[in-house]
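Heads up, the thing below is written out as structure tokens.
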Amino acid sequence: MSDLNFGSAFDYAPAPETTPVSMRKKYELFIDGKFVPPKAGKYFQSVNPATGKRHARIANGDAGDVDAAVKSARRAYEKVWGPMAPAERGKYLFRIARIVQEKSRELAIIESIDGGKPIKESRDVDLPLVAAHFFYYAGWADKLEYAFPGRTPKPVGVAGQIIPWNFPLLMAAWKIAPALACGNTVVLKPAETTSVTAMHLAEIFQEAGLPDGVVNIVTGAGETGNALVEHPGIDKIAFTGSTAVGKRIAKSVAASGKRLTLELGGKAANLVFEDAPIEQAVEGVINGIYFNQGHVCCAGSRLLIQESIHDEFVARLERRIETLRVGDPLDKNTDIGAINSKAQLGRITELVGSGIDEGATLHEPGCSLPEEGFWFKPSFFTGVTSSHRIAREEIFGPVLSVLTFRTPAEAIARANDTCYGLSAGIWTDKGSKIFAMADQLKAGVIWANTFNKFDPTSPFGGFKESGFGREGGLQGLAPYLKF
Amino acid sequence: MSFTLNFPVPAVDQVGVDERASQFTKRSIKNEAKRVGLKMAVSMMDLTTLEGADSKGKVSYLCRKARRPMAERYECPPCAAICVYPNQVAHAVAELEGSGIPVASVATGFPSGQYPLEIRLADVRDAVNSGAAEIDMVISRGAFLEGEYGRVSDEIAAVKEACGESHLKVIFETGELQTYDNVRLVSQLAIEAGADFIKTSTGKVSPAATLPVTLLLVETVRDHFLATGKKVGVKPAGGIRTAKEALQYLVMVKETIGDDWLTPELFRFGASSLLGDVELQLAKLVDGNYQSSDYFSKG
């Protein structure tokens, strides 16, 4: 059988991003508007996942540092930010958004160095969305009464926010922008492996003249986050991360009076019907699972394909993964960058091993991987059953599980056969089918004939073990307000 | 209206096609890749003049340009073909003798195709008899939009027969067919009717070639190849004016259908003004700096 030849007739030369950036060797905590060393004087190493080498020391904040940050946030809330006219708060947010835009290339490069994501994505997706979120919520700051007609919205107080490593700056923006727009102050804890860009964001807050203590950033690992969650001076916890940690946080804040929103894991189904625009569905499935190396909570990690087109679709996926370019995150032609950390690579490898053990068939491209750093080939499994671990557990890596269905009813049953409910995708040329399916899918975000589309005006959040509360849009204001 | 394709075409989602096409424009083509790509683009170029004012002198001028586009030291390959109106074919063939560069002729009442079939076929035979090695026909867009797919198909088959040994390129004028579903359908229809090449546009209607439309042509050719093993060529024509755009098309071909189509046998650019910018970029790679456009011939 004749097949395509993806060879080297027109090889792309290396095209690394060369804009100089001002990364530091050491990053301190950001408390009360100043960069301060951690009280205990401890630091941990941040690693460039594309090389596996250490590239910066990050302050390891402990309970004492968290306490200082919370007190600073409380002061700022009571004395400055809370009493400030809402329109004035909005001006600060607009200013932050503009500075983010001005510095977006530098921030994108640092994001790629620190986290391993391809520059193509940090430049074209992450950073534009970061600015868009600040712009969007800046606009709401003085219009909250219009968002909730007939009610009197008031800020909640001090928000403790814990964010993940997959979209470090974007998640910071998702959390900080609505909190500030609603008049709250913030203590943010970035993920341990991706703390660097949050500290550059802190510099932007300084440059924007944001009053001291309105945003405080305490870097550290799980213990630091724990100290933040348990601190009695916190009024609200917003967490994005794993379901296991989310459950622990929920237990910890129970009966404390603290408000809580959780945005946790997912195992999203991409439903492809035989009447779908096949070529575009292939692209959507590829984007759904390999975007950001699959480190996406709403990744379309289960492909549910109508049995009649299974073989053809799998053949198309096999050809398509041959053309994905895996490698240096700073190369503008890289499609798939490095796995964020050694630990994450271990989890992916373990789950993929379980898939093979349980009898599924692994499909990999012929590409080679860099020798240093953390890498995984963009892959997919066929012959997957709903009971397989790779169909139930979140792999959080570039690995897709392909399952089949025969009828729309079976598609719904299989799609909803999961403890998660964050997102889903529907691929069909028939509009009525899109609505019929979307009505029955238990997922917070449903895309039709596209995937992984984000916009600050659109709410995002999950069902079941994917969490509760919404971020983005008008709905994203509510968790930061009391009425 | 009882027309059926041997290989039915899938639905096309316009937003998805446009998005995919824009991804190809994000590739960064530098240094050696750019040099290879630019030379490839010249070697795939159907250097074209299709004006009422075309004279022997103009055609001679173009033929000399196709033989040697740039000074020796740039190591620029000759163009793929010359594309002219039927009346200029004999003259172009004489001018290009010994060069190995074929002459392509537009025919079938180009650009509208709004003539009786017999006249269009006579047009083709005349061009072939004058020495045209390649025939660029236009389909009856009117018939296609009327839903007379069978008639469009039969006409292509008739032209193919009239072509004899000459290669047949079928022009769709996608700017008039408009929808991506139409583009995908007409591509498959033309391939099944015997096209050796499928081509986007005449260059007389705007929009002419676009990246998303050409992507649809390439995908159709790819799927047909995978189903049957038959290789059909693709020619975007009109509207491609810069070296950067040409490289984006090559990126699209490379990543959609693979290396086998990165050859003038299976991929062509129909262009009259593209060569100038490609020359400028190629000279920059060789000489190390951009030169004034005054240093490059305009014709």
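Bear in mind the structure is a predicted one, so any value in this text is a computation, not a measurement. Quick note on labels: first sequence line is chain A, next is B, and so on, each numbered from 1.
- Below 30°, between 30° and 60°, or above 60°: for A:F451 and A:W447 the angle between ring planes is between 30° and 60°, a tilted geometry.
- A salt bridge links B:R35 with B:E32; the closest basic N to acidic carboxylate O contact falls under 4.0 Å.
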Candidate pair B:L168 and B:I156, rule side-chain contact (heavy atoms from CB on, under 4.5 Å), full reasoning = CA-CA 9 Å; B:L168 174 62; B:I156 295 171; 4.2 Å; yes
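- Only the side chain of A:D429 comes within contact range of chain B, with at least one heavy atom under 4.5 Å from a heavy atom of that chain.
- Only the backbone of A:D275 comes within less than 4.5 Å of a heavy atom of chain B; no side-chain atom from C-beta onward does.
- Note: A:E283 leads A:K332, A:K120, A:E283 in heavy-atom pairs under 4.5 Å with chain B.
- Residue contact with chain A, scored on non-hydrogen atoms closer than 4.5 Å, involves the side chain of B:E219 exclusively.
- Of all the listed residues (B:G258, B:A11, B:G37, B:G16), the one sharing the greatest number of non-hydrogen pairs under 4.5 Å with chain A is B:A11.
- In this structure, chain A has a heavy atom under 4.5 Å from the side chain of B:R20, while its backbone stays farther away.
- Annotation: maximal heavy-atom pairing with chain B below 4.5 Å, among A:G7, A:A13, A:A276, A:A15, occurs at A:G7.
- In summary, A:E111 and A:K117 do not engage in a salt bridge, as defined by a charged side-chain N under 4.0 Å from a carboxylate O.
- When only modelled atom types and interatomic distance are considered, A:S122 and A:S112 share a side-chain donor-acceptor pair under 3.5 Å.
- For B:W261 and B:F225, the distance between ring centers is under 6.0 angstrom.
- Considering only heavy-atom pairs separated by less than 4.5 Å from chain A, the leading option among B:L262, B:T256, B:V251, B:N31 is B:V251.
- The choice from A:A315, A:P277, A:G284 that makes the most heavy-atom pairs within less than 4.5 Å of chain B is A:P277.
- B:Y249 and B:F269 have perpendicular rings, their planes meeting at more than 60° on a 0 to 90° scale where under 30° would count as parallel.
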